[in-house]
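All ligand and atom numbering here is 1-based and tracks the order in the structure. Predicted model, so just to flag it, every value in this text is computed and none were measured.
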Amino acid sequence: METIIVKNEPPFLRITLNRPDRLNAINKKMIEEIRTVLEETVKDEKVRVIIFTGNGRAFSAGADISQFKELEGLTAWQFAMKGRELMDYIENYPKPTIAMINGYALGGGLELALACDIRIASDEAQLGLPEITLGIYPGFGGTQRLLKLVGKSRTLEMIMLGERISAKDAERIGLVNRVVPSNDLEKETLNLASKLAERPPLAIQLSKLIVNQGMNSPITVGLNMESLGWGVIFTTKDSKEGVNAFLEKRKPNFKGE
Ligand SMILES: CCCCC/C=C/C(=O)SCCNC(=O)CCNC(=O)[C@H](O)C(C)(C)COP(=O)(O)OP(=O)(O)OC[C@H]1O[C@@H](n2cnc3c(N)ncnc32)[C@H](O)[C@@H]1OP(=O)(O)O
């Protein structure tokens, strides 16, 4: 891989964006490489959690601005779609995803973090959507995902001003789940990931699907999916294991069956 470092350390798969001299700016190659790794890993039962992070002082400073010079109408649309399709794929990935935000998460970099299930940030991280300062606006799904996460006026403030906010402020508005001292970022992320890895994979997959669908549907649709999903979840061995373990006063051992 040219643009990412992939560490398969079951139960985790860590994808480190790796263009540190460009603050991990996202180019076409990086989009393709992330997609390839995720597709290869989807059926790997040993991997239960995906962690995204960045090499150096940035998570990612956004889409690679140097590639914008070549863009025209059609190619701009194609590049935006390529990135957006990756973000959609990450959002709907059947395993839990964590963005471990070690530094700048800007533009397309923040949009990648927004597509993850959980964002955990270093207290030194800065987040923002500075596209407006380039005369453009977010194009990898950020207009919609940020809206759903923090509401309309905070989204518009971030998009229209294009200013960076601190990790603490991001936590206050619900943009990141938690902020930790930079020295503890890895440890805290792995703690969180370990807990997720112990949870039943099929119940995680199904609840993620239902929550994601619920974000984009009338509440009755989400509620019906929730109820119908119960018919599925009760067919799994893990649901029996969870209930039996509780009744037998022992720790459950979920196998994703
Ligand atoms: C059509 C598709 C739509 C896609 C939707 C997404 C759009 C976007 O994401 S647009 C990009 C949004 N991001 C930005 O505008 C941030 C740009 N970067 C910065 O403002 C700064 O680099 C900084 C504040 C993040 C850090 O500043 P500083 O500490 O002074 O570091 P440098 O500016 O010297 O950066 C080091 C090195 O990295 C290059 N670089 C940084 N960001 C990008 C980027 N997004 N794309 C390409 N290159 C980037 C920067 O040019 C420096 O390179 P050298 O000068 O060659 O050392």
Side-chain angles (χ1 to χ4, degrees), residues 1-5 15-35 38 52-92 97 99-116 119 121-150 154-170 175-176 179 182 185:
M1 294 285 169
E2 258 176 47
T3 65
I4 56 177
I5 300 169
I15 299 178
T16 303
L17 310 185
N18 188 34
R19 301 182 72 213
D21 54 331
R22 287 269 160 275
L23 301 185
N24 303 321
I26 301 171
N27 58 13
K28 283 184 203 151
K29 186 82 186 159
M30 188 184 282
I31 292 173
E32 285 163 9
E33 289 187 343
I34 295 174
R35 177 84 189 218
L38 290 174
F52 288 96
T53 193
N55 185 8
R57 62 194 177 97
F59 177 78
S60 165
D64 190 328
I65 299 168
S66 65
Q67 291 201 333
F68 289 6
K69 292 274 273 179
E70 305 148 19
L71 296 183
E72 291 169 3
L74 183 60
T75 46
W77 175 64
Q78 285 166 339
F79 183 43
M81 280 305 292
K82 212 172 168 60
R84 183 247 157 135
E85 279 164 11
L86 174 68
M87 305 314 162
D88 290 353
Y89 187 72
I90 293 171
E91 182 169 57
N92 295 305
T97 52
M100 177 166 92
I101 303 175
N102 52 303
Y104 293 114
L106 303 176
L110 179 57
E111 292 175 293
L112 194 161
L114 282 168
C116 293
R119 284 156 290 286
S122 139
D123 56 359
E124 290 170 6
Q126 294 185 36
L127 299 89
L129 294 172
E131 287 90 337
I132 206 84
T133 63
L134 302 169
I136 57 174
Y137 62 84
F140 288 165
T143 60
Q144 302 308 301
R145 289 199 176 90
L146 189 63
L147 172 65
K148 303 268 179 177
L149 203 58
V150 305
R154 286 189 166 122
T155 297
L156 282 175
E157 183 178 345
M158 283 185 72
I159 290 177
M160 295 193 305
L161 280 181
E163 289 178 349
R164 303 195 289 270
I165 63 171
S166 67
K168 262 269 153 271
D169 280 344
L175 171 48
V176 300
V179 178
S182 62
L185 181 63

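Selection from I132, D64, N24 by nearest heavy atom to atom 47 (C) of ligand 1 gives D64. Of the options R57, E131, Q67, the smallest heavy-atom separation from atom 31 (O) of ligand 1 is shown by R57. For atom 42 (N) of ligand 1, the nearest non-hydrogen atom from the set G107, A80, A61 belongs to A61.
Residue I65 has at least one N or O atom closer than 3.5 Å to an N or O atom of ligand 1. For ligand 1, one of its N or O atoms has an N or O atom of G108 under 3.5 Å away. Where the criterion is an N or O separation shorter than 3.5 Å, residue side chain and backbone included, I136 fails it with respect to ligand 1. Checked by distance only, ligand 1 and F79 stay at 3.5 Å or farther apart across all their nitrogen or oxygen atoms.
Between K82 and E32 there is a salt bridge, with a side-chain nitrogen of the basic residue lying less than 4.0 Å from a carboxylate oxygen of the acidic one. Between D88 and R145 there is a salt bridge, with a side-chain nitrogen of the basic residue lying less than 4.0 Å from a carboxylate oxygen of the acidic one.
Closest approach of L127 to A170, counting heavy atoms only: CD1-CB, 3.9 Å. Scanning all heavy atoms of the two residues, the minimum distance from V176 to A121 falls at CG1-CB, 4.3 Å.
Judged purely by atom type and a 3.5 angstrom limit, E111 uses its side chain to pair as donor or acceptor with the backbone of F140.
Contacts between L134 and ligand 1, counted as non-hydrogen atom pairs separated by less than 4.0 Å, involve the side chain only. By the criterion of a heavy-atom distance under 4.0 Å, both the backbone and the side chain of R22 are placed next to ligand 1.
Heavy-atom separations between T133 and ligand 1 are all 4.0 Å or longer. For the ligand labelled ligand 1, residue F68 lies inside the 4.0 Å heavy-atom shell.
For atom 55 (O) of ligand 1, the nearest protein heavy atom lies 4.0 Å or farther away. For atom 20 (O) of ligand 1, no protein non-hydrogen atom is found at a distance below 4.0 Å.
The protein heavy-atom contact nearest to atom 4 (C) of ligand 1 is F140 CE2, 3.5 Å. Scanning all protein heavy atoms for the shortest distance to atom 33 (O) of ligand 1 gives L23 CD1, 5.0 Å. Closest to atom 27 (O) of ligand 1 among all protein heavy atoms lies Y104 OH, 4.3 Å.
If you number the atoms of ligand 1 from 1 as listed, the ones under 4.0 Å from a heavy atom of R164 come out as 24 (C). Atoms of ligand 1 found under 4.0 Å from any heavy atom of E111, numbered from 1 in the order shown, are 5 (C), 6 (C). Every atom of ligand 1 is numbered from 1 in the order shown, and the set under 4.0 Å from a heavy atom of D21 is 37 (C), 38 (O). Which parts of ligand 1 touch A76 is read off a 4.0 Å heavy-atom cut-off, strictly below it: atoms 1 (C). For ligand 1 and A25, the ligand atoms under 4.0 Å from any heavy atom of the residue are 44 (C), 46 (N), 47 (C).
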